[in-house]
Protein chains: 2
Amino acid sequence: MEQSRSKEQAILAAAEQEFMTKGFDGARTISIAKAAGVTHAMLHYYFRSKENIFERIFDEKMRLLSQSVLEAFEQQGLSLEERLRKGIESHFDYIAKYPGLPRFVVNEVMSRPERHEMMQRRIGPMFESITKGLQRELDEAADRGECERMDVRMLMLDIVSLNVFSFIAMPIIEPLVGDLAVDRETFCRLRKQENVEVIMRRLKKL
Amino acid sequence: MEQSRSKEQAILAAAEQEFMTKGFDGARTISIAKAAGVTHAMLHYYFRSKENIFERIFDEKMRLLSQSVLEAFEQQGLSLEERLRKGIESHFDYIAKYPGLPRFVVNEVMSRPERHEMMQRRIGPMFESITKGLQRELDEAADRGECERMDVRMLMLDIVSLNVFSFIAMPIIEPLVGDLAVDRETFCRLRKQENVEVIMRRLKKL
DNA sequence: GTTTGCATTAACAATTTTGTTAAATAAAAT
DNA sequence: ATTTTATTTAACAAAATTGTTAATGCAAAC
């Protein structure tokens with residue numbers, strides 16, 4: 001039947017909304033069922049437990065979060081400066097598109113230590129693959145005197161901090177943001193520009 | 001009696017631990033009671049409800065978070081560069097001392113929209129008082145050609161992003177951090193230094 | 001010593017939340 | 001058409017969680 005697949009999808013879509021906004025502890029299976037337009041027994045039929053539904057959502061989100069960094073900085077065939085600039089912008093755009101992603105993943109990893117290991121297995125290799133190539137490029141540029149010498153891991157932490165924090169802390173920095181830019185789009189444009197500027201200056205040879 | 005005050009304090013201390021690590025939804029009043037060494041009816045006797053205990057904790061944490069920024073940057077009688085450097089370091093140290101603070105406040109504000117307004121009433125004036133003076137100093141320094149001209153709100157967002165993000169996302173960036181510095185203290189020293197460097201370069205006149 | 005008021009306990013009530021199942025229904029296969 | 005399989009519902013079970021109260025203890029005040 002075709003209905004069944006669509007109901008399963010409806011449940012997952014509703015669960016995504018519920019878990020992302022309220023977290024595992026705050027989420028209610030009955031709310032998920034209601035939002036999906038099914039009885040809550042259907043959740044048991046398709047997924048057996050709240051935990052199972054959550055894992056489906058969480059795994060996907062963890063994957064997307066890793067991807068957000070990996071995808072942004074994997075572009076080859078550019079100058080170091082262009083690669084970084086494009087990487088920062090691309091990463092920023094991704095986070096701006098899914099602003100709830102980092103907070104959700106961080107929280108659920110934090111509140112369940114058993115997920116630490118799983119998270120690290122997924123994040124570890126990703127960072128290796130990015131940093132390896134980038135560190136060599138950085139070193140070569142520094143050798144040629146084109147930029148400052150620095151640890152690429154510190155650089156990546158700078159970039160991610162700048163790109164992600166505004167969105168994580170949005171409810172708190174809102175008064176500051178609202179004053180800074182009337183609409184969200186303007187804020188994102190200005191903020192992205194600022195982040196690129198900060199990183200470029202960090203690397204500039206003095 | 002003297003016991004009563006100490007029990008009340010024991011409950012609050014246990015509640016702080018419970019709420020900070022698990023959030024409002026994940027916290028269990030019975031766990032708080034156990035950790036405080038009292039029956040759970042005592043919680044009702046002293047505070048009436050879970051909500052009331054939570055508010056006591058939350059209000060205090062919100063206050064501390066505001067203070068972390070305000071206190072760091074209010075020092076007068078220094079050159080702009082020194083004021084910023086000391087401010088960044090002082091703010092970093094505060095967050096490093098209470099690393100769970102930002103995540104807790106952000107999450108609880110996020111999951112309860114009715115707190116947005118309250119938060120903004122507390123954060124808004126604080127930012128005004130800091131940014132007003134700083135923006136003038138910045139402008140004057142820029143007039144003298146000593147530094148780049150920029151919006152102090154963007155600058156503050158840069159600083160707070162760099163100082164806070166590592167601690168919020170610690171469980172995720174751990175593999176990167178562990179590689180970077182063997183112990184926490186070393187990481188904090190390096191990271192603080194990096195954050196100061198980034199901001200100083202951001203302002204340097206080119 | 002009795003009374004008064006606060007602190008504490010144990011038992012319980014109410015609600016919520018998740019999980020389960022047997023029966024009903026619809027669809028598909030033979 | 002009949003059998004078989006998959007889907008759906010309604011009712012229920014079990015556990016957890018918060019909130020409540022009546023009874024008890026206990027120390028200080030009178």
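Labels below follow one simple rule: chain letters A, B, ... track the order of the sequence lines, proteins then strands, and each chain is numbered from 1.
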Please enumerate all protein N or O atoms sitting under 3.5 Å from an N or O of nucleotides 14-17 of chain C, with distances to 0.1 Å.
from    : atom 1 : to       : atom 2 : distance (Å)
dT17(C) : OP1    : Arg28(A) : NH1    : 3.0

Sub-3.5 Å pairs of nitrogen or oxygen atoms, protein against nucleotides 9-15 of chain D:
none

Go through the structure and list residues passing side-chain hydrogen bond (donor to acceptor under 3.5 Å, both in side chains) with Glu74(A), not counting sequence neighbours. none

Measure the distance from CG on Asn52(A) to P on dT20(C) and round it to the nearest whole Å. 11 Å

I need the CZ-C1' distance between Phe47(B) and dT8(C), as an integer number of Å. 15 Å

Would you mind reading off the distance between Leu43(B) atom CG and dT21(D) atom P, rounded to a whole angstrom? 17 Å

side-chain hydrogen bond (donor to acceptor under 3.5 Å, both in side chains) with Asp179(B): which residues, sequence neighbours excluded? none

List the residues meeting salt bridge (charged side-chain N to carboxylate O under 4.0 Å, His left out) with Asp59(A), not counting sequence neighbours, and say none if there are none. none

Between P on dT18(D) and NZ on Lys34(B), what's the gap in Å once rounded to a whole number? 13 Å

What one should report as the nearest heavy-atom pair of Asp25(A) and Lys22(B) is OD2-O, 4.2 Å

Counting just side-chain N and O atoms, does His44(B) come under 4.0 Å of either OP1 or OP2 of dG19(D)? no

Need the bend value for the helix from dG1(C)-dC30(D) to dT30(C)-dA1(D): angle between end axes, 5 pairs each end, nearest 10°. 10°

Can you give the donor-acceptor pairs under 3.5 Å from side chains of residues 87-103 of chain B to other protein atoms, not counting sequence neighbours?
from      : atom 1 : to        : atom 2 : distance (Å)
His91(B)  : ND1    : Asn163(B) : ND2    : 2.9
Asp93(B)  : OD1    : Lys192(B) : NZ     : 2.8
Asp93(B)  : OD2    : Lys192(B) : NZ     : 3.4
Tyr94(B)  : OH     : Leu64(B)  : O      : 3.4
Arg103(B) : NH1    : Asn107(A) : OD1    : 2.8

Take the protein atom CZ of Arg48(B) and the nucleotide atom P of dT17(D), then report the distance between them rounded to whole Å. 22 Å

Residues which pass side-chain hydrogen bond (donor to acceptor under 3.5 Å, both in side chains) with Arg184(A), listed by chain and number, not counting sequence neighbours: none

Under the rule for side-chain hydrogen bond (donor to acceptor under 3.5 Å, both in side chains), what residues qualify as partners of Lys61(A), not counting sequence neighbours? Glu16(A)

Mind checking the OG1-CG spacing from Thr186(A) to Leu190(A)? Nearest 0.5 Å is all I need. 6.5 Å

What is the distance, to the nearest angstrom, from the CD atom on Glu8(A) to the C1' atom on dT7(D)? 12 Å

Counting only pairs under 3.5 Å, give me each side-chain donor-acceptor contact of residues 129-142 of chain B, with atom names and distances, residues two or more places apart or in other chains.
from      : atom 1 : to        : atom 2 : distance (Å)
Ser129(B) : OG     : Met126(B) : O      : 3.0
Thr131(B) : OG1    : Phe127(B) : O      : 2.7
Thr131(B) : OG1    : Glu128(B) : O      : 3.3
Gln135(B) : OE1    : Val152(B) : N      : 2.9
Gln135(B) : NE2    : Asp139(B) : OD1    : 3.1
Gln135(B) : NE2    : Met150(B) : O      : 3.3
Glu137(B) : OE2    : Arg83(B)  : NH1    : 2.3

Mind checking what makes salt bridge (charged side-chain N to carboxylate O under 4.0 Å, His left out) contact with Glu51(A), not counting sequence neighbours? Arg115(A)

Measure OH/Tyr46(B) against C1'/dT20(D) and give the value in whole Å, please. 17 Å

Nearest-Å distance, CZ (Phe24(B)) to C1' (dT18(D))? 10 Å

Set of residues satisfying salt bridge (charged side-chain N to carboxylate O under 4.0 Å, His left out) with respect to Arg149(B), sequence neighbours excluded: Asp143(B)

